[in-house]
There are 2 protein chains.
Amino acid sequence: MSHVPEQRDQSDPSLRLLWRHRTGAREEPKAKRGPKQKVSVDEIVDAAIDLADAEGLAAVTMRAIAQRFGLGAMTLYSYVPNRDALLVLMADQVTGRTELPDLPEDPRKRLELVANLQHDELRAHPWLLEVQDVRPWLGPNMSDRYEWQLRAVDGLGLTDLEMDQTVAVLVGFAGNIARSELMKRRAEQVTGMTESQWWAANYETLNEVMEGSDYPLAARVGTAAGEAYQAATDPARELDYGLARIIDGVLAHVGR
Amino acid sequence: MSHVPEQRDQSDPSLRLLWRHRTGAREEPKAKRGPKQKVSVDEIVDAAIDLADAEGLAAVTMRAIAQRFGLGAMTLYSYVPNRDALLVLMADQVTGRTELPDLPEDPRKRLELVANLQHDELRAHPWLLEVQDVRPWLGPNMSDRYEWQLRAVDGLGLTDLEMDQTVAVLVGFAGNIARSELMKRRAEQVTGMTESQWWAANYETLNEVMEGSDYPLAARVGTAAGEAYQAATDPARELDYGLARIIDGVLAHVGR
DNA sequence: AAAGAATTTCGTACGCCGTACGGAACAAAT
DNA sequence: ATTTGTTCCGTACGGCGTACGAAATTCTTT
């Protein structure tokens with residue numbers, strides 16, 4: 001008999017897992033053998049998201065998740081190929097939780113909405129910032145998101161390439177704001193002091209150690225920025241300035 | 001005898017380590033006891049940087065670094081309090097390696113320079129992106145950098161607060177570009193296929209799995225972007241578009 | 001010169017992590 | 001009734017950061 005050379009399936013196994021819910025109409029529940037599965041992939045992913053929200057991504061260990069269901073650690077591997085795949089599933093699943101509102105008419109408002117939605121989401125689930133480092137994965141909910149983002153920049157007069165890049169700039173900026181907020185929170189948590197307390201505690205040491213160097217602008221601007229950030233009751237609006245400049249630039253580019 | 005209540009030193013121990021080289025003129029070499037140290041903090045940090053450059057931040061383990069000097073793993077802890085502190089030292093030390101060029105007259109060129117310098121550095125040392133997550137630390141070289149960045153946006157007519165935010169936007173954008181480039185490289189390394197090979201290998205699966213959903217814009221824009229990124233011989237210039245928009249916005253804001 | 005004190009070196013060990021492996025329990029197909 | 005493919009999961013391996021304490025080394029003090 002002739003033997004077809006095995007044509008190994010090069011396709012990524014995570015893909016089918018990501019799209020498990022809306023894979024083409026013909027689902028085949030096809031009764032499987034072995035013990036009934038005690039939980040579902042969705043439950044596992046949800047539990048992992050809960051854990052990450054509550055205690056950070058580092059707390060999302062296979063053992064910790066399994067324990068939530070009274071399962072052995074290795075049992076998870078019959079639901080998910082490995083931890084990284086789980087992180088991707090978490091990212092897509094949590095992305096699906098925020099619904100995508102209708103886009104306003106006003107172009108500026110549209111672009112603001114794209115950035116703000118991303119920012120709010122990242123504030124609610126800061127661990128997404130760390131997962132992003134794994135892969136820009138294309139799950140169903142992330143695909144929906146991307147399509148929605150493109151709709152927001154559609155019709156402005158941008159080229160296809162510019163549309164993609166504009167979305168990237170907006171989303172990336174929102175991510176940077178979220179990241180800086182996260183770092184601040186983490187710093188306070190690790191040191192056990194607020195930012196101003198830290199500065200007070202290290203004032204002498206800093207003076208002593210920086211003797212010889214001088215930073216006229218940094219000193220002036222730094223304290224100004226410090227006070228402003230501290231005074232701001234709503235730090236979420238830290239992104240207003242940068243966002244305004246970016247949108248100005250984009251709208252000017254397309255001649256509005 | 002009266003007893004002063006111990007007034008524990010709340011100052012961060014890493015600070016003195018960071019500024020070890022330019023701490024106030026009065027250095028006290030003050031002969032210490034015990035065996036001579038076989039290496040220096042700088043050598044350790046440099047070795048760690050080499051490792052990170054060559055094999056990524058994950059390869060920077062205490063054991064691996066120690067081995068480079070023929071030392072026991074625990075020996076490093078007499079030079080550096082812990083791994084996180086070492087990462088901060090690495091970040092500051094590598095920041096000191098790129099010299100800060102004179103700033104051009106033209107405001108636009110100044111802002112471009114800030115972003116490009118950051119981008120080039122992150123391309124050369126991608127692990128900096130992961131270290132940033134640890135802390136926005138203020139070492140000597142990072143302070144120099146910040147001061148230089150502020151000089152670049154000084155005199156444009158921005159408020160102090162806006163100066164800080166403008167620098168943050170530029171530097172953050174450069175970081176995002178670097179991050180996306182890094183993810184692309186990593187994806188190719190992990191899958192063992194180029195990006196177009198991956199799309200080819202998963203074409204069928206994607207079609208099958210996305211049956212039912214449709215992404216008109218994403219399909220059009222995605223392929224356009226994909227081809228463009230692939231065609232670009234110099235992907236480093238991926239940042240041109242976003243950078244131009246951001247700078248447009250900033251310069252418009254100050255009325256130039 | 002001898003004793004004491006402070007430091008560096010580093011072997012061992014602990015508690016984590018992801019996960020490879022293989023056996024047992026189970027349910028469907030034969 | 002037997003085979004076959006799954007699920008569940010205990011055990012174990014290698015790797016990580018690092019706490020601890022002993023040994024070695026060097027300066028300070030007697």
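Computed from a predicted model, the values in this text were never measured in an experiment. Within every chain, numbering begins at 1; the chains are lettered A, B, ... in the order of the sequence lines, protein sequences first and strands thereafter.
For K36(A) and A59(B), each mapped to the nucleotide of DNA chain D holding its nearest heavy atom, the one lying further toward the 5' end belongs to K36(A). Closest-nucleotide positions on DNA chain C for M74(B) and G34(B) were compared, and the one nearer the 5' end corresponds to G34(B). Between A73(A) and V39(B), the residue anchored closer to the 5' end of DNA chain C is V39(B), taking for each the nucleotide with the nearest heavy atom.
Counting atom types as modelled, R63(B) pairs no side-chain N or O with a base atom of dG15(D) as donor and acceptor under 3.5 Å. Between the side chain of R33(A) and the base of dT3(D), no donor-acceptor pair of N or O atoms lies under 3.5 Å.
Note on Y79(B): a side-chain N or O is less than 4.0 Å away from OP1 or OP2 of dT9(C). OP1 or OP2 of dC9(D) lies within a sub-4.0 Å distance of a side-chain N or O belonging to T75(A). Between dT7(C) and S78(B), no contact under 4.0 Å exists linking OP1 or OP2 to a side-chain N or O. Using a 4.0 Å cut-off, no side-chain N or O of K38(A) falls inside it from OP1 or OP2 of dT6(D). Phosphate contact (OP1/OP2 of dT7(D), side-chain N/O of K32(A), threshold under 4.0 Å): present.
I65(A) places its CD1 atom 13 Å from the C1' atom of dC17(C), with the value rounded to the nearest Å. Taking atom CZ of R83(A) as the reference point, atom C1' of dC17(C) lies 9 Å away to the nearest angstrom.
Taking only side-chain atoms of Q37(A), from C-beta outward, the nucleotide of dG17(D), dC17(C), dT7(D) with the closest atom is dT7(D). The side chain of P35(B) approaches dT25(D) more closely than any other nucleotide in the set dG18(C), dT25(D), dT18(D).
Residue V60(B) is classed as a sugar-phosphate contact, given heavy-atom separations below 4.0 Å to backbone atoms only.
Of the inter-residue distances, the one linking S78(B) atom OG with K38(B) atom NZ reads 10.5 Å to the nearest 0.5 angstrom. One distance of note links CG of L239(B) with CD of Q118(B); it measures 11.5 Å at 0.5 Å rounding.
A side-chain N or O of Y146(B) and one of D164(B) form a donor-acceptor pair less than 3.5 Å apart. E188(B) and T194(B) are not linked by any side-chain donor-acceptor pair at a separation below 3.5 angstrom, with hydrogens and angles left out of the test. Checked by atom type, the side-chain pair R145(A)/T98(A) shows a donor-acceptor distance below 3.5 Å.
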